[in-house]
Every structure is written in structure tokens, then in C-alpha cells.
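Positions are given from 1 along the sequence.
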Amino acid sequence: MSRTAVAPLERMKILLQVQNPHSIKYSGTVQGLKYIWRTEGLRGLFKGNGTNCARIVPNSAVKFFSYEQASKGILYMYRQRTGNENAQLTPLLRLGAGATAGIIAMSATYPMDMVRGRLTVQTANSPYQYRGIAHALSTVLREEGPRALYRGWLPSVIGVVPYVGLNFAVYETLKDWLLKDNPFGLVQNNDLTIVTRLTCGAIAGTVGQSIAYPLDVIRRRMQMVGWKDASAVVTGEGRSKALLEYTGMMDAFRKTVRHEGFGALYKGLVPNSVKVVPSIAIAFVTYEMVKEVLGVEFRISD
């Protein structure tokens, strides 16, 4: 639900992150969306969304399940260490549980994210078309080898700590603070309203993505390495016709800053910031509402 709602902004973000600085097609969010609509139509705005949804289902399931299991384990060890059976998770411990969950989920579904990035970038004028996630996976395996499916994995792992970790930590800490102190009179029947949960989720997502965003840019650029038919992507040495070449994460950082400036690490931040509010908020609220419908009593706030 959350991914489909912001799919056009998600595609716009990725296109801005990887486009060739010497062949600019997308000068901004609004102009870029208009350009996609004019050249590719409605389907163009949602290109890659099917793959993203196919990826996000197992990713979210593994992430939330891992978070709850990690929270239980960390809380048990914390209570054993402190000798306090009533001790609760601190914000730092929640960040650790969130980061653990994020790394597990991201690693389990990373190949799908890698090919999703390529499917999202290809346009109607691309010289070669991946026909879908299965075709993209098989093509990358055949032409570039299995290691190619994990290009950009390292910056993704590093970025998980501030992004997913802070998402959970900030979200849960805000909820606990509001429920305990009720500073603004937002608690109704010992629970928070949907609007309040949306706000908590939006704040959590904004904090996490702002800190981790440069790593996301580098991840996307590394995912394009080795794709000989890449269309409208940035080149490692600033040559408009050259293949994208990075030897690793630090090399990608160095070449990006050297040839495009420090601001290049934040390309696509505007559509990402716009989408993070509804995306993260809808994800958290839908998660808890579905659990209530299914009669699952345990919540991530517990």
C-alpha cells in the first residue's frame, strides 16, 4: 500500500540519483514527473513498482518479524543483566533491534532490490529492455555473475543502521512518550489516534532518511556498474558515453564528489522527502491496524 502510493516519486528519486550529469533529462521533481508522463505515459510513472511490491512483501515481513524477535531477545538479555524484570527497552536498544532487523531483511531480498533499480531506470528509449524481475535476475546472473546481484550491498548495510534503526527507535520512543506523558492531549482511550501515529511515523522516516541518504545514492550508482546497456546513468569518470565504473563504495563516493560536487550525494532528496511522509506513515499504521484485525495482541511498542 505504502509503496504503490508513492511509486512515481520513488522512480523520480532513483532517476535523479543516477542520471548522467552531462546529459540532464530531469532537472527537478515536477519537471521530471511531467517529462515521464509526456514520454512514457501513466505506466511510466509506475515503472518498477510491480517489482518493488514483489520485493517489499517479503522484505517488510522479515523486517517486522525480525524486529520483534530481536526486541524480545535484547529485552531478555537487558533484564538479565540489570536484574530488573520490569526494565523496558531504551532508545539505544531499540535502535540496535531495528538495525538488526533491517540488515536481515535487506540482505535476504537484496538481489530483488538490485534488479528493481535497473528496471526503474530503463526508459522507453533504452537499447535493451528487462522484461520483468525474473528476466532481469536471469540476465544479470548470465552476463555479470552472481556477485553482481549484491553490488551496493555494503553501503546498504551501513545505511540500515541510521535508517531502519532510527525509524523504529524514533517511532517507538515518540509513541511511548506520548502515551506516558500525554503532553498534547492526543491519547484517547489509552491509545493514540491514527493521525498521531501517522505523524510519529513521518517524523521517524524523515530523521532516518536524512542521515542515511548519501549511502542510498551510492548504492543505486553501484547497482548500475557492469550494465553495458544502461540508459541515462551517471558515469564514473564523467564521460557521457563511458561505462559506469566503481571499484567499491569509497571509490564511488570519491568519484561522485570529485566530478559532481558534494551536492550530488543528495540528488533526489526532494522527491524522497516528499514520499517519506506518506510512505513510512502508511506502512506503520497499516502494520498495526492489520495486526488488530487479525487479533495479534503483541505490538512493536511492547
Under the criterion side chain to side chain contact (heavy atoms under 4.5 Å, CB included), which of K13, Q19, M12 is the partner of L15?
-> M12
With no hydrogens and no angle check, do the side chains of N52 and E10 hold a donor and an acceptor under 3.5 Å apart?
-> no
Presence of salt bridge, R197 and E292, under 4.0 angstrom = yes
Could you give all pairs that pass the salt bridge (Lys or Arg N to Asp or Glu O under 4.0 Å) test and reach residues 101-110, with sequence neighbours left out?
-> none
Looking at V257 and F262, what are the two nearest heavy atoms and their distance?
-> CG1-N, 4.2 Å
Walk me through it: do Q17 and R221 pass the test side-chain contact (heavy atoms from CB on, under 4.5 Å)?
-> CA-CA 7 Å; Q17 285 179 331; R221 295 189 170 202; 5.5 Å; no
Any chance you could lay out the side-chain contact (heavy atoms from CB on, under 4.5 Å) test for Y266 and L16, step after step, and finish with the verdict?
-> CA-CA 9 Å; Y266 289 90; L16 288 170; over 6 Å; no
Please walk me through it: do F46 and R11 pass side-chain contact (heavy atoms from CB on, under 4.5 Å)?
-> CA-CA 7 Å; F46 290 87; R11 187 183 184 212; over 6 Å; no
Over all atoms of both residues, closest heavy-atom pair of G117 and Q223 | CA-OE1, 4.2 Å
Do you know which of V6, T4, L119 makes side chain to side chain contact (heavy atoms under 4.5 Å, CB included) with N49?
-> T4
Steps toward side-chain contact (heavy atoms from CB on, under 4.5 Å) verdict (T29, V274) = CA-CA 10 Å; T29 303; V274 173; over 6 Å; no
Ion pair E144/R118, N-O distance below 4.0 Å = yes
Answer yes or no: is there an ion pair linking R220 with D113, defined by an N-O contact shorter than 4.0 Å?
-> yes
Residue set satisfying salt bridge (charged side-chain N to carboxylate O under 4.0 Å, His left out) with K63, at least two apart, ordered chain then number -> none
